[in-house]
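Below is one structure; the comments refer to it alone.
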Amino acid sequence: MDKNKTIEKLNECLRHEWTGVAQYAQAGFVVAGLWREVYSDMFFDSAKESFGHAKLVGEKIVAMGGIPTVERNPVKQTQDLSELLNFAMEFESKAVKLYTEALGLAAGDRALEVFLENILEEEQEGVDELTRILRDPKAVSASLGASKVG
Ligand SMILES: [Fe+2]
């Protein structure tokens, strides 16, 4: 295992998690209409999950001798619920990709593999849940229509 390359990749994961903290909190703030009752909490829970992953990864980077990044990527912003959900799907899919890449670099270090697998499983659950939500785009657009009526 190339330790420096692995730390670099873990920092890429951390940067993505910091992005998630800001992006999901923003989504929780701005989501409007009747469905705000459902999605605001969901987005804030996702922000908390990102912070939880950031904490795990930051601690691991230090344990490996690295410095955890404080940078994040640009946040995708919108007030449209459909777009918020699609941005969330993009975010979770990228997280799956990044942790899968990190796992590739960690090959051979069983403890680090298990550590990354546990996070990867949660990222994939995010993708799966959004897939189930977005399977019915009519439900999302209907809710937007309903919220406009009110
Ligand atoms: Fe995460």
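Keep in mind that this is a model prediction, so the values were computed, not measured. Remember, it's 1-based here, ligands and their atoms both numbered in the order they're listed.
Counting heavy atoms from C-beta on, the side chains of Lys94 and Thr19 never come closer than 4.5 Å.
For Glu122, the side-chain hydrogen bond (donor to acceptor under 3.5 Å, both in side chains) partners two or more places apart in sequence, or in a different chain, are His53. Here Lys48 pairs with nothing under the side-chain hydrogen bond (donor to acceptor under 3.5 Å, both in side chains) rule; sequence neighbours left out. Residues passing the side-chain hydrogen bond (donor to acceptor under 3.5 Å, both in side chains) test with Ser50, sequence neighbours excluded: Glu17.
The side chain to side chain donor-acceptor pair (under 3.5 Å) with Lys76 is formed by just one residue from the set Glu83, Gln23, Glu90; it is Glu90.
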Report the C-alpha distance between Leu112 and Leu105 in whole Å, list the side-chain angles of each, state the deciding distance to 0.1 Å, and finish with yes or no for side-chain contact (heavy atoms from CB on, under 4.5 Å). CA-CA 10 Å; Leu112 186 56; Leu105 290 167; over 6 Å; no
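The number of protein N/O/S atoms found under 2.8 Å from the Fe ion (ligand 1) is 4.
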